[in-house]
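The structure appears right after this line, and notes come after that.
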2 protein chains.
Amino acid sequence: MTTPQANDDGAPVLDAAVDDARLAPPSSASPDAVGLHRRMLDSIGEAIASGRYAPGHRLTLEELQREHGVSRTVARDTMRALETMNLVTSRRRVGIVVQEAAKWNVYDPQLVRWRLASERRDEQYASLTELRIAVEPVAAAGAARRGSGDQRMELLRLAAELERLGAAGDLEAFLAADIAFHRLILRSSGNEMFAALDGMVSEVLTSRTRQGLMPFHPRNEALDAHRHVAEAIGDGDAARAESSMRDVLQEVRTALRLNP
Amino acid sequence: MTTPQANDDGAPVLDAAVDDARLAPPSSASPDAVGLHRRMLDSIGEAIASGRYAPGHRLTLEELQREHGVSRTVARDTMRALETMNLVTSRRRVGIVVQEAAKWNVYDPQLVRWRLASERRDEQYASLTELRIAVEPVAAAGAARRGSGDQRMELLRLAAELERLGAAGDLEAFLAADIAFHRLILRSSGNEMFAALDGMVSEVLTSRTRQGLMPFHPRNEALDAHRHVAEAIGDGDAARAESSMRDVLQEVRTALRLNP
DNA sequence: TGAGTGAAATAGGTAATACTTTTAGGTGAG
DNA sequence: CTCACCTAAAAGTATTACCTATTTCACTCA
């Protein structure tokens, strides 16, 4: 198998509300159920992501176990997790050193969450949006080539629903359908690296709407473009899917002033 | 700061041989210097990435410490690292469960390495190549907008060198320059999420040449396209940079049969 | 049959301790 | 005065032992 396989697993396709553990807080019934390690990780991770702990800043395990009131084991676990994301390195005799941002695993959903929660959130949104612009057209082409029949049908259904909801002016429902549409394309692309971005795309779309960056009534061209994407994928027309998706993203480009 | 900043840091631009810790084994002077944790992590990580431990497979800490002859602490550290990459989840009373592949942090350079080392390497190369096709054109546009003067000049120099080496037929040197060219564009893009892909792109390019998938003499159109990219970036012409980069990637698309 | 209940399994967490590597500083020879 | 070597301290790495909290599963009793 030298190319990605058709995505024809029997998994349910219709769940727009699929568990998006990929970019959601670890929903906990009781607040204390999350484990010491998790809280400490969040606290330090956010501090690094936001720049409060600058690159080069040195921490020591002892310091950390004192400040967070935890045992050495928990402190080490936390550092191990941060090390895995390349947020820090730990060296003997020197301690735990915050890495420069260029080394971070910026695709780690956890880190993305921290960055979105920080003051630098606009930068993170800009990067993610540019990433969408890059990936979604090619993902649409992939879906046209490798998507399953169910997925194609569902995309057409979602495109129709978008038109209906757009006309009705129900922004909240429109957003939900829009997210479902874009996520489904990423997941149908047959490329797991594209699929892995679906949580981040949802995040961007949600924020864009919540910030009022969306026109109250979606523009007609945008709705048409969505339909064209769905139709092209339905027809297995990769080139048209790709260029129609570029049309969809055109207004995003404009908003970011990333345009010719 | 609401958009990515111009990449004008004082960092050296000329080092094609920049430390690519991002996708290289943890180069160790002495073989034992790497820490128990690292060896165990590699061993289990690779087993999961290759599918030898299937999703749903259950491990227990006790089992692991016995099999790898390590203490509980080391076993826990390892699991914590795997958990951070979403390769496993650990639950009380049940153990450590291998996650399904859809949950993995497939952008973690470590995981990418493991997948490239496994039997599924072709799948990973295909995904990475498609990702390149998606990202590099937009990264080139970003470089045209936000690259520093030094970076633009270095790109022109590299394009000229590519032509020279292409004509000379020195494939090894050509590869090095080609990698430097593509990496520099990613790093000049001003988008840290693009820059983070540079190690993976190098990996793909290296493999493509080593596998003899490159024509012995690079085609003239390919060389021209590289020059056009560099020139467009030099001129700050984002649209032309983007479309020229698409030309560069055209032959990659053809090779993967991802073409109209 | 089905709800409660208790025991077992397993990760989470604490604590004390010894080992190893790395760095800084000092000392002495040339 | 400089350089090489030695030593000591700092800090992560690793081990062991033990206790706690959850979750599951099987068993019992209504």
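Since this is a predicted model, take the numbers as computed values, not measurements. A, B, ... follow the sequence lines: proteins, then strands. Residue 1 opens every chain.
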Could you pull out the protein-nucleic contacts involving nucleotides 4-8 of chain C (nitrogen or oxygen on both sides, under 3.5 Å)?
from	atom 1	to	atom 2	distance (Å)
C:dA8	N3	B:Arg93	NH1	2.8

### Task
Please check if the side chain of A:Asp170 supplies one atom and the backbone of A:Ala173 the other of a donor-acceptor pair under 3.5 Å.
yes
#### Entry: Side-chain-base donor-acceptor pair under 3.5 Å for A:Arg76 and D:dA14
yes
### Message
Please pick, from C:dT14, D:dG12, D:dT24, the nucleotide with the shortest atom-to-atom distance to any side-chain atom of B:Arg91.
### Response
D:dT24
Kindly list each side-chain donor-acceptor pair under 3.5 angstrom involving residues 49-63 of chain A, sequence neighbours excluded, with atom names and distances?
from	atom 1	to	atom 2	distance (Å)
A:Ser50	OG	A:Glu46	O	3.1
A:Ser50	OG	A:Ala47	O	3.2
A:Ser50	OG	A:Arg52	N	3.4
A:Ser50	OG	A:Arg52	NH1	3.1
A:Arg58	NE	A:Val94	O	2.9
A:Arg58	NH2	A:Val94	O	3.2
A:Thr60	OG1	A:Glu63	N	3.2

### Message
If you go through the side-chain atoms of A:Arg72, does one of them form a donor-acceptor pair with the base of C:dG13 closer than 3.5 Å?
### Response
no
### Task
Find the distance B:Arg92:CZ to C:dA11:C1' and express it as a whole number of Å.
6 Å
#### Entry: From D:dT15, C:dG13, C:dA11, nucleotide with atom closest to A:His37 side chain
C:dG13
### Message
Would the distance check show the side chain of B:Tyr125 and the main-chain N or O of B:Val204 forming a donor-acceptor pair, the cut-off being under 3.5 Å?
### Response
no
### Task
Report yes or no: does B:Gln151 contribute a side-chain atom to a donor-acceptor pair with the main-chain N or O of B:Ser148 at less than 3.5 Å?
yes
### Query
Taking for each residue the nucleotide of DNA chain C with the nearest heavy atom, is it B:Leu59 or A:Ser71 whose nucleotide lies nearer the 5' end?
B:Leu59
### Query
Any salt bridge (Lys or Arg N to Asp or Glu O under 4.0 Å) pairs touching residues 68-97 of chain B, not counting sequence neighbours?
A:Arg76-B:Asp77, A:Asp77-B:Arg76, A:Asp77-B:Arg80, A:Arg80-B:Asp77, B:Arg80-B:Glu83
### Message
Assuming nearest nucleotide by heavy-atom distance, tell me which of B:Thr73 and B:Arg58 is located more 5' along DNA chain C.
### Response
B:Arg58
### Task
Tell me which residues in residues 60-69 of chain B put a heavy atom below 4.0 Å from DNA chain D, sorted by number, or none.
none
### Query
Taking C-beta and beyond as the side chain, do A:Arg115 and A:Arg121 meet within less than 4.5 Å on heavy atoms?
no
### Task
If a pair satisfies ring-ring contact (aromatic ring centres under 6.0 Å, His included) and one of its residues is in residues 67-95 of chain B, list it, with sequence neighbours excluded.
none
### Query
Should B:Glu203 and B:Val112 count as side-chain neighbours, where that means a heavy-atom distance under 4.5 Å?
no
### Task
Please state how far atom CG in B:Leu36 lies from atom C1' in C:dT20, giving the value in whole angstrom units.
12 Å
### Query
side-chain hydrogen bond (donor to acceptor under 3.5 Å, both in side chains) with A:Glu136: which residues, sequence neighbours excluded?
A:Arg132, A:His182
#### Entry: Residues in contact with DNA chain C, drawn from residues 82-90 of chain A - heavy-atom cutoff 4.0 Å
none
## Note on the structure
note: B:Arg80, atom CZ; C:dG13, atom C1'; distance rounded to Å ~ 10 Å
### Task
Would you please name every residue forming a side-chain hydrogen bond (donor to acceptor under 3.5 Å, both in side chains) with A:Gln65, sequence neighbours left out?
none
### Task
Please report, rounded to the nearest Å, how far the C1' atom of C:dA9 is from the CD1 atom of B:Ile96.
13 Å
### Over all atoms of both residues, closest heavy-atom pair of B:Val106 and A:Glu192
CG2-O, 3.8 Å
